[in-house]
Structure formats: structure tokens, C-alpha cells
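Each chain gets a letter, A, B and so on, in the order its sequence line appears, and its residues count up from 1.
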Amino acid sequence: MTDRPRRFWLMKSEPSDYSLDDLERDGRTHWDGVRNFKARNLMKEMEIGDGVLFYHSMKRPPGIAGTARVCRTAYPDFTQFDPKAKYFDRRVKPDKPWWYMVDIEFVSRFPKEIPLPLLRKMPEIEGMALLKRGQRLSVQPVTEAEWNFLVALGQRGGDDTAS
DNA sequence: GCCAACGTTGGC
DNA sequence: GCCAACGTTGGC
């Protein structure tokens, strides 16, 4: 048993909807509401222990707030069946779910969020999916090199001049 | 199967 | 609020 994650991901959330602070308070949560096939397929690849960069979108500036860990592999997102739920999907038959979610648990909050404009200046993560033009996926794969760099950067408070 | 129209995402 | 990029829908 190692605490070293095997694979790495980035997951976006609007903090007004669900923030890293909320996750820290709750300890863990189910990641419901993903309604994009690519993002769903990526979640189905996740394994327990995988590392997650928690990204706050739709704020100024957006940024990476901290890290989480996958603690339950993909299972049907129950909100797709609930007519009163925000993410209800009328096309889905009860016996054939379309949408899945995973559970994640809180791991760490960076002293300061790493803002998107700073990420764009970092040659180490050039080519990162998040920085690609028109990138909208709410779940993205992250390489091990990107993970290592960003976690180290985040832990020292986004200070890109430190050694 | 093509593709125009429409809806959503999400940075700015 | 604007708008670019992308995904989805639906007519044909």
C-alpha cells in the first residue's frame, strides 16, 4: 500500500456550486452532474487512489485550489433518474444508466490557489490539456510530470521563483 | 451521413 | 455581457 497515486486527473467545479472548502468540510463527496460523454468515459477509467487536481472555474481568476483523491470507482449517477434534480436526463431508461460518477475525498488545500494566468506562463506544463484553446472538458487527464510540478508549486503557495 | 442551428462552457 | 469553441440535435 502506497499513498502515491497511480494516475492523475483534473476536475473542474464552480466554487459557488461546490468548492474545495466544501469538500474539506464534507471529507468526501460524489461527483454528480457530469453530462459529457468524454468526461464520463474518463471517470470510468479512474481507480481508487488516483490523484485529482481540484480546479475552480467561473471565477476571476480561475485556478487550482488543491488536491483530492478518488475513493470510489465509477457508479451510476442517481441524479439522472430524478425528475426534480438539476441534472435529470429524461432520455435515460432506469435500467440503462448513461451517466456515472465517482467519489473523491479531500487531500490538501494549497496555501494559495494557482491562478490560470500563472499556469499559462509555466513552460513546465506547456501542452497541458487545461491550457489548450477551447478546452471545456470538466474532467481531464493530467500527466505525472504535470502533477508533480503543480503539486510542488501549489504546496509552496504558487511562488514560481522559489527553488 | 451531412451540416446548420442551437445550447453550453468558461475565460475574459 | 461578450464571444469563441465545442457538443448535440434534428431536418433532409
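Here the range on DNA chain B touched by chain A, meaning any atom under 4.0 Å from one of its heavy atoms, is B:dG7 to B:dC12.
Along DNA chain C, the nucleotide nearest A:Trp98 and the nucleotide nearest A:Arg60 are compared for position; the residue whose nucleotide lies closer to the 5' end is A:Arg60.
Using a 4.0 Å heavy-atom criterion, one finds that A:Arg120 contacts the sugar-phosphate atoms exclusively. Counting non-hydrogen atoms under 4.0 angstrom, A:Pro62 reaches the backbone sugars and phosphates but no base.
Within the 4.5 Å cutoff, the side chain of A:Arg72 has no heavy atoms near those of the A:Met101 side chain.
Within the structure, salt bridge (Lys or Arg N to Asp or Glu O under 4.0 Å) contacts touching residues 109-123 of chain A (residues at least two apart or in different chains) are A:Asp21-A:Arg109, A:Glu24-A:Arg109, A:Lys59-A:Glu113.
At a threshold of 4.0 Å, the pair A:Lys93-A:Asp95 does not count as salt-bridged, since none of the basic side-chain nitrogens sits closer than that to a carboxylate oxygen.
Between atom CG of residue A:Leu119 and atom CD1 of residue A:Ile125 there is a gap of 4.5 Å, rounded to the nearest 0.5 Å.
Its side chain within the 4.5 Å cluster rule, A:Leu23 clusters with A:Trp9, A:Met11, A:Tyr18, A:Leu20, A:Trp31, A:Val34, A:Leu42, A:Met43, A:Met46, A:Val52, A:Phe54, A:Val70, A:Val102, A:Ile104, A:Phe106, A:Leu137, A:Val139 among the Ile, Leu, Val, Met, Phe, Trp and Tyr residues.
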